[in-house]
Amino acid sequence: MVDAAVAEARDSLSNEVDTRAVPRSRWRELLATRASAIFLLDVLLFIVFTVLSSHGVFASLADVKALLLAGTEALLLAVGLSLMLGAGIFDLSLGANLVLSSVVGAKIINALAITGPNGTATHVGVAALAGVGGALATGALFGLVNGSLIAYARINSLIATLGTLGIGMGIAYVVTNGSDVAGLPTPLQQSFGLRTVGPIPLPALVALAVAAVAWLSVRFTRFGTRTLAIGSSRVAASRAGIRVTRYIVALAALAGTFAGIAGFIDISHYGSTVVNGHANDALNAVTAAVIGGTLLEGGRVSIPGAVWGTALAVILQGGLVVIGVSSYYQLMAVGGALILAVGLDRFTVQRREQG
Amino acid sequence: MADVDQRSAGVAIAAEHVRKHFGHVEALRDASLQASFGEVVALFGDNGAGKSTFLRVLQGIYRPDSGRIVVNNAQVALSSVRDAQRLGVDTVHQDLSLAPDLSVIDNMFLGHEVLRRRSLRAVGALDRRRMAEQTEAALRELSISLPSLRVPVRDLSGGQRQAVAVARAVMWSSAALLMDEPTAALGARQSEKVCELIRTVASRGLGVVVVSHDLPRILSIADRVVVLWRGATVLDVPSKGLTVPDVVATMVGYRQEAHE
Ligand SMILES: Nc1ncnc2c1ncn2[C@@H]1O[C@H](COP(=O)(O)OP(=O)(O)OP(=O)(O)O)[C@@H](O)[C@H]1O
Ligand SMILES: [Mg+2]
């Protein structure tokens, strides 16, 4: 009896492929992602604020432009940080990097452009190009230092970038003597910082282009796969022959370069540096990335999630102002959203593990 | 899988008098082994004897303090995993072989990615279709069936993961295949399958080194047996006529014997 039962069970089981761990269909998978959930939340909030604002001004073109411009720098930092998180490393110094890059860029521009007494300036084109170069190079170099500390000196990325955050801000203060570098030539704003292409600000286009390239890299390239492999299991990646240290340095330099771009956007937007305005930028980038579904532990990156996560913070900020609520509440709302998103995820994951 | 059928003669992989220490720990004092093409060598030893360390030296993960390493009949200096990979050596590690967040396909090709043609190649775009086809073929050849090749490896069972790790190492080795406890996570049926697989791989001409605590099973498929005792090779004999008690006695009792 028992033998027969065993034989029968064996026969019915052995020829079947185990189909329990199969992916869901593309659409269901897309709908189930955190990025999609945050996107829907963004849309919902946008509608709510439009309805609540008088005459629906929240959805007016001017306001959308302002929202996009407000999110530009945050998005650049969030995308760079997401890539780093993918490899399981962290960067707390991105805001300091932005500031230092903007200071270097501004100093170069002011040194090269000759501003007349009535505000006219000459050599702005050359000066701006040199300024872009200086800001990007500063950002990249800053990232390179971070990456080397993490990869070669083997200092925990949190500690290493906490250190360079202080050093970077210190240098920025020393260079500027504590006051902002102001009086940048106005053509800089007209031709880049405040320029729009159709309804979209040019700097926002740059940030979106960077995000698009990052998304393609993560999804479809060797660079993306290896980055995720490193974050997923650093030992497994290096045993597979991947040069882990080089990847870490490259990723940190890349995120630094994005911070440099953001720094240049900052000065060409405001016509001056904003040394004291970026203290929370790095943490905001972490929030945006993690809200969107990027894992702090590494191995999983969602660039669309970083986009929608950044949008969430910006929409809340702008929306609360428009409906006359103090923007202090924005801080609470974003913080709450972060905890809710990650908490709900834990809940669903646990449910799946329990069967 | 490369052509190995022709190279039936000679040394696939060998190590002579390898030493390796970590700080105060002398993990390997005088370790030697040799696997000819087409041969299965069982590497036995107690916990902490230095077996995993030995395989990592052969894979280029650790550089030995001294000693000689031979791959494909030529003495080599392995300064990285990639060096060993280039020579056709690949390993199934005791743990941490795979990246859990990546799919089966991406794991199979980790470090050996197939790129698209022309301009897409320059930006490192993956040819996932080719990778998927080759993964399917490789798994089919080893009669490994998985529910899906696109799920993260994290979602597979321990045994299924082990099967993927084995398949990957088989796919990329063309001279020597090193296996550290390949059956540890497997049930009886899967263990038998891996043993069959080891014989198949050897019959195709590769040299295979298997570390295992499953003495009876591995002894029955091995051509040679090497026993490591506290970092030194103390036995290196053909498996013919060797019994499990013989091996166990050498593994644990070498010191007593040596002092008699
Ligand atoms: N990276 C390392 N740093 C320091 N000590 C190490 C390192 N790797 C191995 N050792 C030491 O070397 C010795 C041999 O370890 P190894 O992992 O090679 O043993 P093993 O024979 O594979 O054991 P097991 O059967 O338990 O897998 C142990 O004493 C271990 O503590
Ligand atoms: Mg071991």
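Reminder, nothing fancy here: chain letters follow the sequence lines and each chain counts from 1. Treat the numbers as computed from the prediction; the structure is a model and nothing was measured. The basis for the numbers below is simple: all heavy atoms, side chains too, and nothing from hydrogens, waters or symmetry mates.
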Please flag which part of A/S238 lies under 4.5 Å from any non-hydrogen atom of chain B: side chain, backbone, both or neither.
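Contact with chain B involves the backbone of A/S238 alone.
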
Give, as side chain, backbone, both or neither, the part of A/R219 having an atom under 4.5 angstrom from any heavy atom of chain B.
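When you check distances to chain B, only backbone atoms of A/R219 fall under 4.5 Å.
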
From A/T221 atom OG1 to B/L120 atom CG, the distance as rounded to the nearest 0.5 Å
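Rounded to the nearest 0.5 Å, the OG1-CG separation comes out at 11.0 Å.
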
Given that the side chain runs from C-beta out, which part of [X] has a heavy atom under 4.5 Å from chain A: side chain, backbone, both or neither?
{"X": "B/L149", "answer": "neither"}
{"X": "B/R56", "answer": "side chain"}
{"X": "B/S80", "answer": "neither"}

Of the non-hydrogen atoms in [X] and [Y], which two are nearest, and what is the gap between them?
{"X": "A/S232", "Y": "B/A99", "value": "OG-C, 3.4 Å"}
{"X": "A/T225", "Y": "B/R128", "value": "OG1-NH2, 3.7 Å"}
{"X": "B/R168", "Y": "A/A240", "value": "NH1-CB, 4.4 Å"}
{"X": "B/L98", "Y": "A/S233", "value": "O-CB, 3.9 Å"}

Given the options [options], which has more heavy-atom pairs under 4.5 Å with chain A than any of the others?
{"options": "B/D83, B/L126, B/D106", "result": "B/L126"}
{"options": "B/V123, B/D127, B/L115", "result": "B/L115"}
{"options": "B/Q85, B/R82, B/R116", "result": "B/R82"}

Among A/G231, A/G224, A/S217, A/A236, single out the residue with the greatest number of heavy-atom pairs under 4.5 Å to chain B.
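Among A/G231, A/G224, A/S217, A/A236, the one with the most close pairs to chain B is A/A236.
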
What I want to find out is whether A/R239 reaches B/D95 closely enough, with some N-O distance under 4.0 Å, to be called a salt bridge.
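Salt bridge between A/R239 and B/D95, a charged N being under 4.0 Å from a carboxylate O: yes.
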
In residues 296-306 of chain A, which residues are in contact with chain B at a heavy-atom separation under 4.5 Å?
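At a heavy-atom separation under 4.5 Å, chain B is reached by A/G298, A/G299.
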
Just wondering, more than 12 heavy atoms not from B/R199 lying within 6.0 Å of its CZ?
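Above 12, so yes.
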
